[in-house]
Amino acid sequence: MIDTGKCETCPAHNAGNLIKLGVNMKDFDFIVALAGNPNTGKSTVFNALTGLKQHTGNWPGKTVARAEGGFIYNKKKYKLVDLPGTYSLLSTSTDEEIARDFILFGQPDVTVIVADATRLERNLNLVLQVLEITDRAVLCLNLVDEALRHQITVDERALARELGIPVVPAAARQGKGIQELLKNINDVATGEYICKPHRISGASKELKKAVDKLQEQVEKEFPELPNPRWVALRLLEGDQKIIDAVTSGDLENITKRKILKEELPALT
Amino acid sequence: MMNERKISARKNILAAANSLRWEVGENFHDALMEDIYKDAAEISAKTVSRLSEKPKFTFDKTLDKLVTSKWTGFPVMFLMLAVVFWITIEGANIPSAMIASFLIDDIHPLLKNIAASINIPLWLGGVLIDGAYLAMAWVISVMLPPMAIFFPLFTLLEDFGYLPRVAFNMDSLYKKAGAHGKQALTMAMGFGCNAAGIISTRVIDSPRERLIAIITNNFSLCNGRWPTQILIATIFIGGAVPAYVAGITSAAAVVAVAVLGIAFSLVVSWSLSKSILKGEASAFSLELPPYRPPRILQTLYTSLIDRTLFVLWRAVVFAVPAGIVIWLVGNIHLGELTIAEHFVNWSNPFGILLGLNGVILLAYIIAIPANEIIIPTILMLTVLTSNLTGGAGAGVMFEADSAEATANILYSGGWTVLTGVCLMLFSLLHNPCSTTIYTIYKETKSIKWTVVSTMLPLIMGFLITFFVAQIWRLIE
């Protein structure tokens with residue numbers, strides 16, 4: 001019993017893919033990706049979490065090199081990877097490709113999506129796309145102070161219910177919400193909190209039919225895949241990386257990870 | 001081992017994807033985006049509420065109207081630059097003199113006395129104390145105060161959200177020049193440091209436009225050149241007008257040189273995109289971020305640590321060996337004259353043609369590693385070759401106590417307003433420092449483009465100063 005899922009819960013489980021993506025894999029328990037629209041304060045959140053003083057600037061696209069840092073919370077070591085800021089994950093631009101491939105192939109234990117509370121609707125476009133790829137995410141609702149200044153309030157509990165992931169209101173520039181964010185990252189990473197991510201409903205009948213059909217085939221061949229619908233969508237789009245991953249069988253390495261908590265009863 | 005069944009199953013998936021792609025048709029991508037937008041709108045409608053009916057964006061909007069309008073955008077930009085330089089020029093003078101008097105009048109003789117009391121050989125004391133130590137002391141006293149004022153101000157503007165507005169204003173100009181609009185941002189980064197500006201060109205996807213941005217980044221005055229500009233403007237431009245307008249006139253002169261740099265970057269971008277780097281400008285969307293109240297304390301901290309001390313440290317690291325080199329060329333004799341004098345005498349006629357002199361040319365060769373040490377090198381060489389008394393002896397880089405004392409040395413070295421103007425131009429238009437050259441090579445991985453980026457501004461500098469000098473002399 002103990003053996004089942006051992007690979008999936010071992011920290012080194014996904015090391016091969018991550019090394020391919022250029023992440024230094026020395027000595028940590030969980031990997032956390034940081035995604036979000038440009039200029040939502042991702043670098044500020046990164047600095048607040050890691051204690052690093054990476055230069056932040058109030059202009060979009062400031063982060064040109066991917067930054068990596070680490071932190072320890074609750075005796076667990078986390079590696080944090082700051083992805084380029086993007087509005088979407090569907091186009092062919094380099095930035096979006098880096099972010100999309102990292103979340104899919106790198107399989108971070110948690111993806112933290114930083115969203116701008118003053119522009120939530122537009123930011124949600126990216127959030128929904130991330131939730132198609134991964135089911136382990138935390139939304140950091142940043143800039144709530146600024147939203148308040150503009151007379152905007154967001155019901156974070158309703159938002160968490162809608163999205164099926166933890167939502168943490170924050171004002172990272174003032175260091176507000178960072179402790180809560182750490183706790184929620186920890187909860188999702190360790191399986192304390194099990195996400196039930198919102199999936200895009202899909203109005204177009206033809207599209208739905210096509211995706212369903214392809215998804216079924218993908219599921220049959222890669223039964224362990226956590227996001228067959230996303231893979232089906234990308235195949236329809238003609239994403240070369242995904243086509244290659246199907247041909248080479250790399251997709252097999254992307255598996256649903258068993259959650260630690262589920263294993264606990266078996267241990268006793 | 002992959003078995004046959006698997007291979008065929010995978011091929012089937014891809015085949016199915018191909019045929020289904022035809023079925024769903026071309027608008028598949030749009031349909032998907034619509035679905036996403038619809039869900040996002042629904043969720044947002046359920047969770048976001050406005051406290052008042054009328055959103056309070058008025059402050060941001062009014063400000064944006066002012067700083068990005070066709071008519072007021074550029075004047076506001078120039079005005080802000082001028083104010084930043086004026087504060088820097090006015091504020092840096094006194095602390096500069098204080099640091100200089102401490103490091104040079106107090107510490108330097110102390111070190112000399114210690115050296116004498118423990119019988120260090122004269123040449124070693126010269127190399128270490130008169131060369132290396134004084135170079136370092138000079139760089140700290142001339143660079144630390146302006147940087148400690150300029151960088152926090154610049155970072156505050158950046159933090160506030162002004163930089164993207166500059167890019168917004170410049171975007172259409174760069175597009176007309178056949179370059180990428182984001183080049184305006186990389187240019188702004190270059191105002192801090194060209195090496196950093198060149199790294200920041202990674203935000204430009206198209207290799208053609210990125211090369212243009214790299215080649216023209218050197219036209220952004222970097223922090224190593226600001227002190228030179230500010231000092232020379234104070235002495236020669238400020239000195240030529242009545243005292244009560246001297247500060248503002250010097251600031252205006254520095255702004256003029258900075259704006260000239262922007263103009264050159266546009267003109268060169270245009271010529272490159274019409275000649276060796278032909279192509280159309282690609283479109284991009286730039287989101288104007290909201291204005292954010294700058295965090296004063298944090299900005300002070302990061303701009304002091306990340307920029308001021310970082311840049312200062314680099315300057316010191318380069319100044320120490322350069323100081324040694326200066327002391328050596330000023331003290332090693334070949335026949336009657338020192339190496340420095342040989343070179344200065346030989347290159348002087350050429351320098352005069354450019355409105356400069358041999359001293360400046362030699363200084364620019366010694367200072368290839370770092371633009372920051374130009375002024376001390378020039379002062380030392382001037383004293384050395386014009387046999388002035390009052391300097392600290394051959395090969396000693398010394399700090400003149402104030403801008404006035406510096407001015408006296410330069411005037412007695414035969415400098416005129418023309419020399420000052422040409423030096424300001426040459427400081428804008430010459431080869432990038434060695435760090436930047438190395439960064440260009442690392443980013444382009446091409447010797448050809450590295451050479452182009454290095455030589456192009458140098459040749460332009462020679463041409464421009466030559467013509468300015470000739471026309472100036474004709475008018476005079």
Side-chain angles (χ1 to χ4, degrees), chain A residues 38-39 53 55-62 64-65 88 90 93-95 118 120-125 127-129 143 146 149-156 158-159 162-163 173-174 198 200-204 206-207 210-211 213-214 217-218 220-221 232-233 235-238 243 246-247 249, chain B residues 2 6 9-14 16-18 20-21 23-25 28-29 31-41 43-52 55-57 158-164 167 182 185 199-203 205 286-287 289-292 295 298 301-302 305-306:
Chain A
N39 214 48
K53 292 277 189 291
H55 178 67
T56 60
N58 188 5
W59 51 283
K62 181 214 63 76
V64 281
S88 136
L90 296 171
S93 82
T94 332
D95 287 358
T118 63
L120 186 63
E121 182 174 339
R122 199 183 52 198
N123 279 242
L124 279 175
N125 293 327
V127 176
L128 294 175
Q129 290 173 40
L143 305 170
E146 206 171 286
R149 187 162 73 85
H150 293 310
Q151 312 267 311
I152 297 169
T153 54
V154 178
D155 181 350
E156 70 259 10
L159 188 60
E162 290 289 329
L163 294 175
R173 276 160 61 97
Q174 281 75 33
H198 174 100
I200 298 159
S201 43
S204 150
E206 286 152 60
L207 179 61
V211 174
K213 209 164 148 191
L214 201 54
Q217 267 181 295
V218 172
K220 213 167 120 199
E221 179 59 20
L233 279 170
L235 284 174
L236 276 180
E237 187 97 346
I243 293 174
V246 168
T247 319
Chain B
M2 215 190 288
K6 274 194 168 171
R10 283 166 193 175
K11 273 190 182 148
N12 282 342
I13 294 178
L14 296 181
N18 277 332
L20 285 168
R21 196 175 305 141
E23 273 174 43
V24 292
F28 152 67
H29 190 91
L32 181 62
M33 288 312 286
E34 257 170 47
D35 289 346
I36 294 172
Y37 282 10
K38 202 178 116 265
D39 279 21
I43 296 174
S44 154
K46 280 186 206 162
T47 54
V48 179
S49 51
R50 291 184 186 281
L51 295 181
S52 66
K56 263 183 84 178
F57 280 114
E158 182 185 347
D159 206 29
F160 177 60
Y162 185 62
L163 277 193
K182 278 187 193 165
L185 283 173
I199 292 172
S200 76
T201 60
R202 290 180 193 169
V203 297
D205 285 331
L286 175 74
E287 180 187 2
Y291 292 103
R292 284 174 186 151
R295 294 155 300 170
Q298 188 154 355
Y301 175 84
T302 49
I305 300 298
D306 283 4

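In this text, all values refer to a predicted model and were calculated from it rather than measured experimentally. In what follows, chains are A, B, ... by sequence order, proteins preceding strands, each numbered from 1.
The CG atom of B:L32 lies 6.0 Å from the CD1 atom of A:I200; values are rounded to the nearest 0.5 Å. We find the NE2-CG distance between A:H198 and B:D39 to be 3.5 Å, quoted to the nearest 0.5 Å. Here A:E221 contributes atom CD and B:N12 contributes atom CG; the two are 9.5 Å apart, rounded to the nearest 0.5 Å. Note that the CD1 atom of A:I243 and the CG atom of B:L14 stand 6.0 Å from one another [nearest 0.5 Å].
Contacts of A:L128 with chain B are made by side-chain atoms alone, with heavy-atom separations under 4.5 Å and no backbone atom involved. The contact between A:E146 and chain B is made entirely by side chain atoms (from C-beta outward), counting heavy-atom distances below 4.5 Å. Contact annotation for B:I36: both backbone and side-chain heavy atoms come within less than 4.5 Å of a heavy atom of chain A. Only the side chain of A:Q129 comes within less than 4.5 Å of a heavy atom of chain B; its backbone N, CA, C and O stay farther away. Proximity to chain A (any heavy atom under 4.5 Å) is shown, for B:N18, by neither the backbone nor the side chain. Of the two parts of A:L163, only the side chain, counted from C-beta on, holds a non-hydrogen atom closer than 4.5 Å to a non-hydrogen atom of chain B.
Put simply, the side chain of B:R50 never gets that close to the backbone of A:I152: no donor and acceptor are under 3.5 Å apart.
Annotation: maximal heavy-atom pairing with chain B below 4.5 Å, among A:V127, A:L143, A:V211, occurs at A:L143. Annotation: maximal heavy-atom pairing with chain B below 4.5 Å, among A:E156, A:K220, A:K213, A:Q217, occurs at A:Q217.
Residues B:A41 and A:E121 approach most closely at CB-OE2, 3.4 Å, considering heavy atoms. When every heavy atom of A:L214 is checked against every heavy atom of B:I13, the shortest pair comes out as CD1-O, 3.8 Å. Residues B:A40 and A:L124 share a closest heavy-atom pair of O-CD1, 3.6 Å. A pairwise comparison of heavy atoms in B:R10 and A:V246 identifies CD-O, 3.0 Å as the closest pair. The two atoms that bring B:A17 and A:L236 nearest to each other are O-CD2, 3.9 Å, heavy atoms only.
By the salt bridge (charged side-chain N to carboxylate O under 4.0 Å, His left out) test, B:K46 is found to be paired with A:E162, residues two or more places apart in sequence or in another chain being considered.
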